Amino acid sequence: MARYEPQTSESNWQTAWDDAGVFTAKRDPAKPKYYVLEMFPYPSGKLHIGHVRNYTMGDVIARYKSSSGFSVLHPMGWDAFGMPAENAAMASGGHPADWTYGNIATMRDQMKPLGLSIDWSREFATCDPEYYGQQQSMFIDFMEKGLVYRKNATVNWDPVDMTVLANEQVIDGCGWRSGAPVERRDLTQWFFKISDYSDELLTAIDGLDNWPDKVKLMQRNWIGKSRGLQFAFERTDGGEAIEVYTTRPDTLMGASFVGISADHPIAKALEAENAEVAAFVAECRKGGTTEEALEKAEKLGFDTGIKVRHPLNPEWELPVWIANFILMDYGTGAIFACPAHDQRDLDFCRKYDLPVIDTFLSLDDPKPVETEAFVPPKTEKVKWINHFAGLDEATGDAAINATIDLAERDGWGKGQTQFRLRDWGLSRQRYWGCPIPVIHCDTCGVVPEAKENLPVELPKDVSFDVPGNPLDRHPTWRDCICPQCGGAAKRETDTMDTFVDSSWYFARFTAPRAETPTDLADAEYWMNVDQYIGGIEHAILHLLYSRFFARAMHICGHLPASAVEPFDALFTQGMVTHAIYQTRNAEGRPVYHYPDEVELRDGGGFLKDGTEVEIIPSAKMSKSKNNVVDPQDIISAYGADTARWFVLSDSPPERDVEWTAAGAEAANKHLARVHRIATDIAAQTGDGKGDEDLLRATHKAIHDVTMGIESFGFNTAVAKLYAFTNVVQKSKAGAEARREAMRVLAQLMSPMTPHLAEDVWAMLGGEGLIAQAPWPKADPAMLVEDSVTMPIQINGKRRSEISVPKDMAKEEVEKLALADDAVVKALAGNAPKKLIVVPGRIVNVVI
RNA sequence: GCGGGCGUGAUGGAAUGGUAGACAUAUCGGACUUAAAAUCCGAAGGGCCUAUGCCCGUGUGGGUUCGAGUCCCACCGCCCGCACCA
């Protein structure tokens, strides 16, 4: 009989599927539709095992839904714009487009042998002019709807390379190539008005029933709706009052100073006339722009000498300080500090010897603040010290409301709702991105390109030998005709953030060749994405931007109203990790070794020459650390099904998984075993005698595996398949009964190991392709157990067990439990204190 | 620093608040074999000399509960995000 030979059979089945057009998505009015989407990959060069895991999960869902009678859309494309292509061009010459399309070809070739049920006819890359031209068209639509504007924003500026740096290119406050300290610099940039949708994006989260709670919580916190008080501090020198926004107006009596951002108009005015201020503000502008960098930076302050009056007591004067931790982007760019109830303010005040005033004390432990700020939850009752609204004991929440009411009644402040969410800055001063289709005309100003001139294509003849944006220094590309007045004009040279590209690709997949961004009829049929799968690292930005885009596309007529929340269900998978093997060179710097260079023995790892390597366990796969596992090796050694089976088994999909070659070998052994059992059963002769146990096990397997797939419990589904395989193997039932069980096993395995499933199906006389066979159904009658084993606990510890009919009355169970030897012994003639019977689950006797 | 998550045998992990360790990997023992591989069968959280008996055990320390891996609080460690990485 034939052995398990995936190398030959897998490509044969892939051809068979292609010939039958099994995976071509068709609008079929007779069937419900199902849209499965995994986040599309960045074409970094090679597929890695993490991709295999991600796409296999999606494929299990796609194949399962297809078998369950759905018309399935399961597409694939490439998130193809971005910095690595330009970096590659800088490092080794060549053109970003060649590098990108070359990588796409390689990765597509690696992906196809996996046997994924993808409709490849819909493939596109975001760097295709056909795609980004439609994106430009939508940008113009968004402009017309008032969703696009320009304003100044801060970027990381490398003063040596004279170029804008991405956050990841800033290392310890310095440029990654030049090593020069990075400065913050203002540029005029393009923005999407996502803030128009702050409240809408927040409240709509409530409707995302099939999203993980953690993602919804992260999005809520990111949008950050808060209610606070806006009011002004009058200056003693008669200058313009300083507007501040605070979410803790209740602590106003503890105000120590007023702080303003280094970018605040007052700071800018002082900067022009005072050298000391200028020096301090320049110091504040050093370092990267990330919130993390700002928060972690040493808190610095500068006393401007300006004084303001406390709104509740005109006699009380507060100093105005410039502080490096205050953001101009949030609120009004000015705050008042209450050191007693904010650790950062306290640290600042101790450093600069500013007063610390308690406004409320703990009820349990009423002592004044010294080195640790007292910051109880706003729901906790505290004791107020001469509160201006007359409060004594009250929660923070109550005090905030009382303060806002008071300020509004007396007319010195106004309650206000504020969002943390900022508008989406989409400008990038880089070449390899979608050009912003806008023209700067001396007569007409900033005007959109005419749609008939789209796409505005990137010029091919560019060089990357100097830093900066090649579009800026291209000799002719910028020259154009103003679409409004017909005069000579210049193109915008900023390109779009790659998040724009990935904010609508899911919609484009519904009609990838349409001459408009979408085809409404196709979008109506296929949207929404029924199951979206991707990394948790995209929990906030990508998903939030996509939710905004879907709304913007809807008001521009590119998506139906039903698609404003584009992802019905979301699943976030973990990443695949692998140990890093390193030795040290003469200078003590680490040298990384590929896994196949290292032999593991005696609890250590050794190179061929016997040198012991240092093993760093479970690190995220990274090209630079040489710990990326290439699925190609596993596929050529064991076949695609082994790779698929392994990435699905053992680890729960949402958790990170450590790659081990041993696991792949073991997975392969199991698949070979299934093949062998099928071969044996196919050869089995004799009667068709059925078997109650086998039948029950079959229906239980159908039920368990189906539930496992439905709930993304692939690892537990695999465990159930192992158990069922053991039952089938050992079953003494007749030939036809075992064939039937084996066919069901093949079907249940088919979403995970589709090629092997076809092998087995064909061997056992299954009709047609298993990929097109309907999913088996469990008979509920076969799932019911007649009797159940109930553990008996004494004082919460398991001491015995009894077997009882499934629906035995509680009183009967109690009687049986009290008659149990262990219980009789423990009671020693006394009556139990308490007797707990959870029907069908457990008995607990409390003594 | 802020927001979110995770932590269970040698290993991956299982477990609607109800028998902790399902299922597997590695290991050990046995069968088969001239032998090996493959395959099949079996053992196995730690400890108490014996066990159908008892104690301990889900990162650490507390708490709620008849009962906690699961819920609450604090801490430790790791991971993700922090708006120009994708």
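Just the heavy atoms: all of them, side chains too, but no hydrogens, waters or symmetry mates, feed the values below. Just so it is clear, the structure is predicted and the values come from calculations on it, not from any experiment. Chain A is the first sequence line, chain B the second, and so forth, proteins listed ahead of strands; every chain is numbered from 1.
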What's the gap between [N] and [M] when it is taken at their [atom1] atoms, as a whole Å value?
| N | M | atom1 | value |
| --- | --- | --- | --- |
| B:rU8 | B:rU60 | C1' | 15 Å |
| B:rC55 | B:rC6 | C1' | 31 Å |
| B:rC75 | B:rA83 | C1' | 32 Å |
| B:rA44 | B:rG21 | C1' | 12 Å |
| B:rG17 | B:rC2 | P | 31 Å |
| B:rA10 | B:rC28 | C1' | 13 Å |
| B:rC85 | B:rC80 | P | 15 Å |
| B:rU65 | B:rG7 | C1' | 24 Å |

Using OP1 and OP2 only, check whether a side-chain N or O of [X] sits under 4.0 Å from [N].
| X | N | result |
| --- | --- | --- |
| A:R3 | B:rU39 | no |
| A:S649 | B:rA24 | no |
| A:R799 | B:rC54 | yes |
| A:R673 | B:rC40 | yes |
| A:K296 | B:rG1 | no |
| A:N715 | B:rA14 | yes |
| A:N167 | B:rA83 | yes |

Hey, does [X] reach any base, or is it just sugar-phosphate, or nothing, if we go heavy atoms under 4.0 Å?
| X | value |
| --- | --- |
| A:K797 | sugar-phosphate |
| A:A666 | sugar-phosphate |
| A:F499 | base |
| A:R430 | base |
| A:V846 | sugar-phosphate |
| A:K214 | sugar-phosphate |
| A:K216 | nothing |
| A:G82 | sugar-phosphate |
| A:Q189 | base |
| A:W222 | base |
| A:V164 | base |
| A:L421 | base |

Between [X] (side chain only) and [Y] (backbone N and O only), is there a donor and an acceptor less than 3.5 Å apart?
| X | Y | answer |
| --- | --- | --- |
| A:K299 | A:E295 | yes |
| A:D342 | A:P339 | no |
| A:N844 | A:G796 | yes |

Do A:F714 and A:W645 pass the ring pair (Phe, Tyr, Trp, His ring centres under 6.0 Å) test, and can you show the C-alpha distance, the side-chain angles, and the key distance before you say yes or no?
CA-CA 10 Å; A:F714 301 127; A:W645 184 256; over 10 Å; no
Indicate yes or no: does A:D263 engage A:R285 in a salt bridge with an N to O separation below 4.0 Å.
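Yes, A:D263 and A:R285 are salt-bridged.
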Under a 3.5 Å cut-off for both distances, is [N] Watson-Crick or wobble paired, and to whom?
| N | value |
| --- | --- |
| B:rC23 | B:rG12 |
| B:rG1 | B:rC82 |
| B:rA74 | B:rU60 |

Provide, to the nearest angstrom, the distance between the [atom1] atom belonging to [X] and the [atom2] atom belonging to [N].
| X | N | atom1 | atom2 | answer |
| --- | --- | --- | --- | --- |
| A:H542 | B:rC82 | NE2 | C1' | 18 Å |
| A:I802 | B:rU19 | CD1 | C1' | 13 Å |
| A:D342 | B:rG1 | CG | P | 14 Å |
| A:N221 | B:rA83 | CG | C1' | 15 Å |
| A:Y722 | B:rG12 | OH | P | 16 Å |
| A:H538 | B:rG4 | NE2 | P | 21 Å |
| A:F191 | B:rC84 | CZ | C1' | 11 Å |
| A:Y638 | B:rU25 | OH | P | 14 Å |

Between A:R841 and A:E665, who's closer to the 5' end of RNA chain B by nearest nucleotide?
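Its nearest nucleotide being more 5', the pick is A:R841.
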Residue whose closest nucleotide on RNA chain B lies nearer the 5' end, A:I540 versus A:N726
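By nearest-heavy-atom nucleotide position, the 5'-most residue is A:N726.
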For the base of [N], is there a side-chain donor-acceptor partner from [X] under 3.5 Å away?
| X | N | value |
| --- | --- | --- |
| A:N844 | B:rC66 | yes |
| A:Q429 | B:rC84 | yes |
| A:E291 | B:rC82 | no |

Take the angle between the ring planes of [X] and [Y] and call it parallel below 30°, perpendicular above 60°, tilted in between.
| X | Y | value |
| --- | --- | --- |
| A:F548 | A:F192 | tilted |
| A:H675 | A:Y4 | tilted |
| A:H542 | A:Y532 | tilted |

Can A:W424 and A:S195 be counted as having a side-chain donor-acceptor contact under 3.5 angstrom?
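No, A:S195 and A:W424 have no side-chain donor paired with an acceptor closer than 3.5 Å.
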